Undergrad: 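Here it is, the structure, as structure tokens.
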Amino acid sequence: MITIGTGRLIILAKQRGLISSVSPRIQALQDAGLWLSDNLVNLLLSQAGE
């Protein structure tokens with residue numbers, strides 16, 4: 001079984017052309033109350049090429 005986090009799923013959605021940007025989705029998660037460290041946010045954005 002493979003476990004993938006929410007951030008990775010968002011990146012995969014961008015890579016597959018389902019979404020155009022990762023940043024608004026990460027912000028939406030934070031606005032909904034999910035705490036993400038600045039380091040994690042920067043890592044996700046970097047991996048997504050943003």
Side-chain angles (χ1 to χ4, degrees):
M1 184 168 113
I2 297 174
T3 302
I4 299 175
T6 303
R8 183 66 183 141
L9 288 175
I10 294 170
I11 291 170
L12 285 172
K14 180 179 178 184
Q15 291 172 341
R16 294 182 182 189
L18 300 172
I19 61 174
S20 60
S21 181
V22 167
S23 183
R25 276 54 180 205
I26 292 173
Q27 186 62 51
L29 290 172
Q30 291 176 312
D31 292 346
L34 182 66
W35 184 84
L36 301 170
S37 71
D38 291 339
N39 287 340
L40 178 58
V41 170
N42 291 333
L43 177 64
L44 292 170
L45 293 175
S46 175
Q47 288 180 350
E50 294 184 25

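Model, not experiment: these values are computed from the prediction. When a residue number appears, it is its place in the shown sequence, counting from 1.
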Undergrad: For a quick test of reading the model, state the closest non-hydrogen atom pair linking Val22 to Ala48 and the distance between them.
TA: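 What the structure gives for the nearest pair is CG2-CB, 3.5 Å.
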
Undergrad: For Leu36 and Gln30, which heavy atoms make the closest approach, and how far apart are they?
TA: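 Taking every non-hydrogen atom into account, O-NE2, 3.8 Å.
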
Undergrad: Are more than 12 heavy atoms from other residues, nucleotides or ligands located less than 6.0 Å from atom CG of Asp31?
TA: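 Above 12, so yes.
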
Undergrad: How long is the gap from CG on Leu45 to CD1 on Ile26, to the nearest 0.5 Å?
TA: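 Those atoms lie 4.5 Å apart.
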
Undergrad: Keeping Gln47 on the side-chain end and Ile11 on the backbone end, is there a donor-acceptor pair under 3.5 Å?
TA: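 Not at all, since once roles are kept as given, no pair shorter than 3.5 Å links the two residues.
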
Undergrad: Starting at CG of Leu43, measure out to CG of Asp38 and round the result to the nearest 0.5 Å.
TA: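 If we round to the nearest 0.5 Å, Leu43:CG and Asp38:CG are 12.5 Å apart.
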
Undergrad: Less than 4.5 Å apart, any side-chain heavy atom of Leu44 and any of Ile10?
TA: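 Not in contact.
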
Undergrad: Within the 4.5 Å heavy-atom criterion, are Glu50 and Lys14 side-chain neighbours or not?
TA: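 SC-SC contact between Glu50 and Lys14 confirmed.
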
